[in-house]
Amino acid sequence: MAVVGPSRHSRVSMSLMQGSTNGPVGNHQQASASQQFFHAQQQSHHAAQSATAHSVDYKPDRPIGYGAFGVVWAVTDPRDGRRVALKKLPNVFQSLVSSKRVFRELKMLCNFKHENVLSALDILQPPHLDFFQEIYVITELMQSDLHKIIVSPQQLSPDHIKVFLYQILRGLKYLHSARILHRDIKPGNLLVNSNCILKICDFGLARVEEPDETKHMTQEVVTQYYRAPEILMGAKHYTAAIDVWSVGCIFAELVTRRILFQGQDTVQQLELITDLLGTPTMEDMAHACPAARSHMLIRRMKKPSMSLLYSLSSLMTHEAVHLISQMLVFNPDKRMSVMDALVHPYIDEGRLRYHSCMCKCCFTVPLTGLRHFCMDYEPIAPQTFDDKWEKKLSNVQQVKEELHKFIGDQLSSHRVPLCINPQSAAFKSFSSDV
């Protein structure tokens, strides 16, 4: 679709029914104190009046996501009636590694300020240090995720795909500019609203990039279907290129509505990759461990067959195949960067649509109806993420004390602090789910 100007531009939208939607403001039934999941502490008369003025149609608290971390619930913030997501991080201090990981994720969530990256809205006030074992984080409530959309019967037009892909790359550019590797980019970690706004979430595996190539990095990252070949082949060190590979897989999945490389194990995953890309050269396997290289060399030689992508969907245009082929490069040193992907011609329409009516960085002048576009469509982080604090923490107790202090520092003096309501039926269910 050729779009000449904002006045002729229609908003990209989809009717996504998965998940919860934000309800209209009204004066209907309110949850009782025993029903509400959490409540404001020491709420003043003025604050109570404000909460009543912003009351919403009552919606029950309910679970919306499960994972290794525990569970995420959709709940109502009693301070303003807003529906939000509440994520519980349980058993935080079981080990030094896990407690540092949680601390890192929490610092990232509080640090992020980007439209396409999920950030923390608030953190529930922790108990006394002696009873501090779990953390509750409040984030924006999104209605669905890309996995649910892909497996649904919902039609996806080329415009939808381009807008989604642009936002994924835009968010990743921000993360990579802060030296953060996400390390688990997959459709389920890309949250989406009915207006097609997309946010990258789940930073439980994220870390700062390691400039020293002699230092080993964990290979227990990225869901297998979206795992880059260098990790599959035992690379001890890797870069932001692993996130780009994941995006390439997701891009192909959006177009074809099926997982591109759905191997049952690591060996089959590599077989499926080489079926499409061909057998890698020794140069391409420079980062692989010796055993993986040997295994690959004794296999029969395969020729690249990227042209097969055209047969997977009528939406596989020349530009789409070219972009996928640049993202899905076996050698991470030759794989395109997020910056390269953002200047690819396929992305142009997604950028135009997003900034013409969806983003918050541009705005329409009320009197003239003209769109005022920002100077920088894809901003970078104002500074890199600092992880030097991790090296100073040598035991769990140190982490616990610093994390408790960090949460206390994050609590806003302008808002009534929240705490869990242990009398609510939802909380009892919430606790049993984790």
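As the structure is a prediction and not an experimental result, all values here were calculated from the model.
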Side-chain contact, heavy-atom cut-off 4.5 Å: [X] with [Y]?
X: I242; Y: M217; result: no
X: W73; Y: K88; result: no
X: L190; Y: F164; result: no
X: T274; Y: P280; result: yes
X: M306; Y: L277; result: yes
X: D340; Y: V244; result: no

List the atom of [X], the atom of [Y], and the distance in Å for their closest heavy-atom pair.
X: Y174; Y: N111; answer: OH-O, 4.0 Å
X: E319; Y: P345; answer: OE2-CB, 3.4 Å
X: M142; Y: I197; answer: CE-O, 3.6 Å
X: G263; Y: L272; answer: N-CD1, 3.5 Å
X: C201; Y: L118; answer: CB-CD2, 3.8 Å
X: S144; Y: I149; answer: OG-CG1, 4.1 Å

Distance (rounded to the nearest 0.5 Å) between [X] [atom1] and [Y] [atom2]:
X: T279; Y: R299; atom1: OG1; atom2: CZ; result: 9.5 Å
X: D145; Y: D202; atom1: CG; atom2: CG; result: 11.0 Å
X: M296; Y: T281; atom1: CE; atom2: OG1; result: 11.0 Å
X: M336; Y: I324; atom1: CE; atom2: CD1; result: 11.5 Å
X: I407; Y: Q410; atom1: CD1; atom2: CD; result: 8.5 Å
X: L86; Y: T76; atom1: CG; atom2: OG1; result: 11.0 Å

Regarding [X] and [Y], does a basic nitrogen lie under 4.0 Å from an acidic carboxylate oxygen?
X: E402; Y: K392; answer: no
X: D159; Y: K162; answer: no
X: K236; Y: E210; answer: no
X: R82; Y: D80; answer: no
X: K87; Y: E105; answer: yes
X: E209; Y: R179; answer: yes

**Request:** With F251 as reference, evaluate W245, Y226, Y166, Y346 under the ring pair (Phe, Tyr, Trp, His ring centres under 6.0 Å) test and give the passing residue.
**Result:**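 The single option meeting the ring pair (Phe, Tyr, Trp, His ring centres under 6.0 Å) with F251 is Y346.
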Review point. Can the ring centroids of Y354 and Y377 be said to lie less than 6.0 angstrom from one another?
Key: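 When the ring centroids of Y354 and Y377 are compared, they turn out to be at least 6.0 Å apart.
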| request: Please assess S337 against Q326 for the test side chain to side chain contact (heavy atoms under 4.5 Å, CB included), listing each intermediate value before the final yes or no. | output: CA-CA 9 Å; S337 67; Q326 296 300 302; over 6 Å; no
Within the supplied structure, the quantity of interest is the number of heavy atoms (other residues, nucleotides, ligands) at a distance under 6.0 Å from [X] [atom1]; does it exceed 12?
X: I380; atom1: CD1; result: no
X: M339; atom1: CE; result: no
X: H355; atom1: NE2; result: yes

Just by modelled atom types, is the [Y] backbone N or O under 3.5 Å from a matching donor or acceptor in the [X] side chain?
X: R170; Y: P379; answer: no
X: H344; Y: A320; answer: no
X: E253; Y: I150; answer: no
X: Q167; Y: N116; answer: no
X: K107; Y: F406; answer: no
X: R335; Y: A241; answer: yes
X: K100; Y: L393; answer: yes
X: R258; Y: L312; answer: no
X: S177; Y: A381; answer: yes
X: R104; Y: A206; answer: yes

Just one of D275, L232, L328 clears the side-chain contact (heavy atoms from CB on, under 4.5 Å) bar with F261, so which one?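 Going through D275, L232, L328 one by one, the side-chain contact (heavy atoms from CB on, under 4.5 Å) with F261 is satisfied by L328 alone.
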Results of side chain to side chain donor-acceptor pair (under 3.5 Å) for T223 - residues two or more places apart only:
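With neighbours one apart ignored, the set is D184, K186.
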Taking side chain to side chain donor-acceptor pair (under 3.5 Å) as the definition, give me every residue that meets it alongside K113, ordered by chain and number, with sequence neighbours left out.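 Result, side chain to side chain donor-acceptor pair (under 3.5 Å) vs K113: none returned.
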Q: Using distance alone, with no hydrogens and no angle criterion, decide if D243 and S246 have a side-chain donor and acceptor under 3.5 Å apart.
A: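 Side-chain D/A pair, D243 to S246: absent.
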Exercise for review: Answer with yes or no whether the side chains of H160 and S157 bring together a donor and an acceptor at under 3.5 Å.
Suggested key: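 Yes, H160 and S157 have a side-chain donor paired with an acceptor closer than 3.5 Å.
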*Trace of the side chain to side chain contact (heavy atoms under 4.5 Å, CB included) decision for V92 with Q133*: CA-CA 6 Å; V92 174; Q133 293 296 332; over 6 Å; no
Quick one: do E390 and R207 satisfy salt bridge (charged side-chain N to carboxylate O under 4.0 Å, His left out)? Show the steps, please. CA-CA 11 Å; E390 290 191 43; R207 63 157 291 165; over 6 Å; no
Check your understanding: Would you call the rings of H318 and Y310 parallel, tilted or perpendicular if under 30° counts as parallel and over 60° as perpendicular?
Key ->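 Ring orientation of H318 relative to Y310: perpendicular.
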Evaluate D77 against D122 for side chain to side chain contact (heavy atoms under 4.5 Å, CB included), listing each step before the verdict. CA-CA 10 Å; D77 187 332; D122 206 346; 5.6 Å; no
Working note: F385 + M108, criterion side chain to side chain contact (heavy atoms under 4.5 Å, CB included); need CA distance, chi angles, decisive distance, verdict. CA-CA 8 Å; F385 184 78; M108 288 181 178; 3.7 Å; yes
